[in-house]
Amino acid sequence: MSATTAEFKPFSRVMMAQNVAADIPEGWYVNLGIGIPTAVADHVPLDREVIFHSENGVLGMGPAPEKDKIEPWLINAGKQYVTLRAGGSMCHHADSFAMIRGGHLDLCVLGAFQVADNGDIANWATSENDTAPAVGGAMDLAAGAKRLWVLMEHTAKDGSAKLVSKCTYPLTAMAAVKRVYTNLATVDVTERGFVVLNMAPGLTFENLQARTEAKLHLPA
Amino acid sequence: MSATTAEFKPFSRVMMAQNVAADIPEGWYVNLGIGIPTAVADHVPLDREVIFHSENGVLGMGPAPEKDKIEPWLINAGKQYVTLRAGGSMCHHADSFAMIRGGHLDLCVLGAFQVADNGDIANWATSENDTAPAVGGAMDLAAGAKRLWVLMEHTAKDGSAKLVSKCTYPLTAMAAVKRVYTNLATVDVTERGFVVLNMAPGLTFENLQARTEAKLHLPA
Amino acid sequence: MINKIVQTMADAMADIKDGSTVLVSGFGSVGQPNVLIDGLIEQGAKDLTIAANNAGSGHVGLARLMELGRVRRIICSFPRSSDPVVFETLYRAGKIELEIVPQGTLAERIRAAGAGVPAFFTATGVGTKMAVGKEHREINGRTYILEDALFGDLGLVEAWEADRWGNLTYKLAGRNFNPIVAMASKLTVVQTQHIRELGDIHPDHIVTPGIFVDRVLHVPYGDPGGF
Amino acid sequence: MINKIVQTMADAMADIKDGSTVLVSGFGSVGQPNVLIDGLIEQGAKDLTIAANNAGSGHVGLARLMELGRVRRIICSFPRSSDPVVFETLYRAGKIELEIVPQGTLAERIRAAGAGVPAFFTATGVGTKMAVGKEHREINGRTYILEDALFGDLGLVEAWEADRWGNLTYKLAGRNFNPIVAMASKLTVVQTQHIRELGDIHPDHIVTPGIFVDRVLHVPYGDPGGF
């Protein structure tokens with residue numbers, strides 16, 4: 001891993017969220033997964049109207065509430081208090097997942113343990129024998145949204161690659177991921193495999209490849 | 001058909017509807033088919049609360065409106081103006097049929113061309129080659145309600161029997177009918193076949209059998 | 001700013017292609033998007049498949065669309081109506097295909113299309129002509145048949161209220177097929193009696209969220225007429 | 001006069017049998033019928049199958065029911081919670097069965113039970129552990145798996161408003177699983193914050209019509225607490 005010694009500046013968590021946010025056009029219906037993806041909403045200005053969906057039947061979420069203005073009946077799928085924008089609406093769980101499973105969401109952004117260059121995603125369990133693995137709505141979102149983007153660190157804490165030629169962890173969905181945003185790069189999943197769209201400042205393609213188990217490509 | 005000469009007094013249309021109405025207990029959710037069955041509601045007193053359902057998403061229908069109090073947005077499946085009782089509610093077509101198909105209606109009352117003594121019902125077409133046969137919600141109601149009762153004339157206009165050992169017209173549902181109310185009798189559909197519960201005044205069992213193609217039974 | 005409200009019928013009907021499957025809401029004339037149907041007549045798309053509860057009445061609306069030879073196939077539960085002369089004439093002449101579907105199966109097939117369910121089992125129609133050629137399966141001791149989802153390329157909807165995000169409410173029995181038609185259609189076009197400011201419809205009272213709606217045309221025609 | 005309002009928890013929980021499948025609504029503590037869960041603990045039924053989004057937290061509610069050894073099997077999408085100690089202990093000890101279901105499949109299976117659909121195809125879970133042993137089918141070029149309906153013998157629901165016919169509304173995210181749990185359960189028991197006079201809830205605003213409700217208990221507890 002000698003490549004790790006090269007000088008470059010990874011994207012911060014905030015910048016990662018900003019990178020995703022910058023690519024979401026007005027008018028999209030978007031579900032942001034629990035964890036890092038939730039922060040994406042903070043970087044979409046309110047006057048660029050993007051309609052955020054939460055699995056528990058909330059459509060049109062706004063920013064987090066001020067502490068003295070919490071509505072106890074309004075939470076998101078991560079069980080955080082949220083606000084509702086003018087134009088927001090409520091529905092029951094089957095209708096909420098009809099939005100997801102019926103292909104009505106323009107985009108879902110999820111975290112992941114691994115993404116393969118055929119678009120497979122593993123984000124719910126790190127072992128076949130996980131104690132009580134918890135899947136939540138991840139499989140519905142991954143299989144149902146029009147586009148699935150992943151937002152995650154480029155490598156795991158132990159340094160192992162998360163962009164892989166084949167997922168070793170249990171799958172969430174097959175051939176579902178369209179794009180991956182990491183702290184090192186933005187990578188499209190194409191018929192050729194992973195295509196690098198941009199990289200963290202100072203990072204070379206070779207250096208990125210060294211941190212990536214799957215083969216990377218440059219845009220044609 | 002010499003039996004037709006015997007003296008008896010068939011139930012009138014009004015009495016037929018009354019016979020059905022008398023057997024509906026408070027608290028039942030009931031769908032009344034288009035035609036004669038619709039009149040049953042007129043004979044259930046409002047203080048015996050029976051909740052009438054219509055396929056087009058209306059639950060809790062009340063009596064027909066006075067002419068100067070018509071609500072143009074409130075019709076039943078027969079496209080007649082109706083009223084809504086306090087406690088009535090609206091839903092969309094899939095939810096309305098979920099009530100029917102999910103087994104939530106206590107009773108449906110339909111008209112029919114033929115009922116067989118195994119409970120088969122034919123009520124939507126009189127020929128395999130019918131021009132543009134119209135089924136509406138009949139098959140859903142027949143297959144879905146907890147109980148299906150039929151309200152019809154005992155014989156067809158040409159004198160042919162409508163209570164038969166096998167339906168010759170295209171079926172609406174198999175083994176669905178629990179009871180038949182006619183202008184001559186009330187007949188349960190049981191494992192033994194048709195069992196006569198009551199008859200029009202002056203009518204003998206033999207006389208009723210003469211007007212019925214299927215074998216009739218007396219209660220055990 | 002998201003604004004799904006269009007100003008002209010031409011905008012409402014833009015880019016509708018020949019050969020489209022069109023889901024049309026309404027039960028009788030209540031909740032039926034009559035003005036949009038007229039717009040579709042004007043727009044000119046042909047070789048259409050129409051799914052609706054009825055097959056038109058008199059010589060207006062869906063009946064007119066059929067009379068003009070623009071409908072290849074109709075999927076409905078009840079082709080009879082108060083005056084089904086156009087449909088019956090075409091049908092007898094073999095100039096229109098008919099698929100009869102039980103009303104609840106029609107509703108469930110449309111809802112399934114909106115909910116990502118490509119096929120489902122139902123007890124409705126078992127033992128009848130409707131079941132011929134369909135997959136049968138016994139589940140927990142009862143026989144069911146498999147029905148497939150019914151998708152619309154275009155959905156025509158009538159609402160009572162709408163806002164610029166496409167959130168909708170309906171009035172009483174005007175709801176009927178409208179919410180599921182909106183769910184099941186790639187392009188959902190709405191005519192609405194009232195336009196509301198964003199936020200004026202209570203979030204708990206919105207019946208069709210704007211995610212299912214593409215275009216909204218303001219058509220304050222008042223109450224429905226006869227059937 | 002129809003009156004589904006019961007006066008005591010004993011009446012609300014009457015005749016619940018050992019071995020029942022219980023559908024429990026709620027997402028976090030919002031729209032979760034906590035008082036009815038306590039009532040079920042008190043009532044004593046055992047050998048239960050519980051279907052709920054989560055598997056309980058701390059030592060109260062569903063966690064307490066499990067801790068008392070009353071739950072044979074849990075069907076949920078997310079057994080982890082802020083404090084899933086009871087479930088995890090029982091699960092590791094092999095003292096409770098777990099069926100993990102994707103959240104949307106869980107919701108659709110419950111809705112299917114209410115709607116008379118015994119089984120349906122879905123794309124969720126294809127290619128994952130969830131698909132193992134399930135029927136696969138390619139429909140229009142995509143692979144789906146068959147999922148079956150999930151019926152409740154008992155459904156526990158929390159409403160915002162209820163009337164004596166059992167018509168219900170919900171408050172904001174308190175809706176979640178409640179309407180489908182009510183549809184899918186043979187016996188639906190509701191705790192409600194508010195009792196309304198019949199007719200006071202607008203017919204267009206009723207979310208769960210009383211046809212899906214059997215018993216209503218007035219539990220004006222105020223806002224949900226933490227999760």
Side-chain angles (χ1 to χ4, degrees), chain B residues 24-31 44-62 71 73-76 82-108 137 139-146 173 176, chain D residues 1-5 23 107-120 149-153 155 159 161-170 175 179-188 195-216:
Chain B
I24 303 177
E26 179 161 85
W28 274 18
Y29 292 86
V30 178
N31 183 296
V44 177
L46 285 176
D47 63 355
R48 191 207 313 161
E49 292 185 338
V50 170
I51 299 178
F52 291 106
H53 170 266
S54 185
E55 292 93 305
N56 57 321
V58 188
L59 189 66
M61 285 185 293
E71 166 55 76
W73 293 87
L74 200 53
I75 61 170
N76 64 14
V82 293
T83 56
L84 201 64
R85 296 182 69 158
S89 61
M90 311 305 307
C91 64
H92 66 53
H93 241 82
D95 280 349
S96 180
F97 276 88
M99 294 177 192
I100 296 170
R101 295 153 64 103
H104 304 283
L105 292 178
D106 295 289
L107 172 66
C108 174
M139 288 186 181
D140 306 289
L141 287 161
K146 284 180 199 162
Chain D
M1 195 179 91
I2 297 169
N3 189 4
K4 299 184 179 179
I5 300 169
L23 309 184
E108 188 69 14
R109 288 178 62 194
I110 294 171
R111 189 262 172 197
V117 171
F120 59 90
L150 178 53
F151 293 86
D153 298 302
E161 302 171 296
D163 62 29
R164 67 176 174 83
W165 278 14
N167 294 307
L168 309 180
T169 70
Y170 308 95
R175 191 178 303 196
I180 53 175
V181 163
M183 286 175 73
S185 301
K186 277 194 210 97
L187 176 69
T188 297
I195 298 280
R196 302 292 186 218
E197 288 299 312
L198 204 64
D200 279 1
I201 312 176
H202 192 287
D204 288 337
H205 298 166
I206 289 169
V207 176
T208 294
I211 191 170
F212 298 126
V213 170
D214 298 287
R215 300 173 188 166
V216 174

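Computed over heavy atoms, backbone and side chain alike; hydrogens, waters and symmetry mates excluded. Letters A, B, ... are given to chains in the order of the sequence lines, protein chains preceding strands, and every chain is numbered from 1.
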Contact class of B:Ala94 relative to chain D, heavy atoms under 4.5 angstrom
both
Could you tell me which portion of B:Arg48 (side chain, backbone, both or neither) has an atom closer than 4.5 angstrom to a non-hydrogen atom of chain D?
neither
Which pair of heavy atoms, one from [X] and one from [Y], lies closest together, and at what distance?
X: D:Gly114; Y: B:His104; answer: O-NE2, 2.7 Å
X: B:Arg101; Y: D:Ala115; answer: CB-O, 3.6 Å
X: B:Tyr29; Y: D:Trp165; answer: OH-O, 3.8 Å
X: B:Met90; Y: D:Asp204; answer: CG-OD1, 3.2 Å
X: B:Ser89; Y: D:Asn167; answer: OG-OD1, 4.2 Å
X: B:Met99; Y: D:Pro209; answer: CE-CG, 3.5 Å

What distance separates D:Ile211 CD1 from B:Ile100 CD1, expressed to the nearest 0.5 Å?
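The CD1 atom of D:Ile211 sits 9.0 Å away from the CD1 atom of B:Ile100.
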For D:Ile201, is it the side chain, the backbone, both, or neither that has a heavy atom closer than 4.5 Å to a heavy atom of chain B?
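D:Ile201 has no heavy atom closer than 4.5 Å to chain B.
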Heavy-atom distances under 4.5 Å only: say whether D:Arg196 touches chain B with side chain, backbone, both or neither.
neither
Using side-chain heavy atoms (C-beta onward) and a distance below 4.5 Å, is D:Ile206 in contact with B:Leu59?
no
For chain D, find which of B:Asp47, B:Ile51, B:Leu84 contributes the most heavy-atom pairs closer than 4.5 angstrom.
B:Ile51
Looking at D:Gly199, D:Pro203, D:Gly116, which makes the most heavy-atom pairs under 4.5 Å with chain B?
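That would be D:Pro203.
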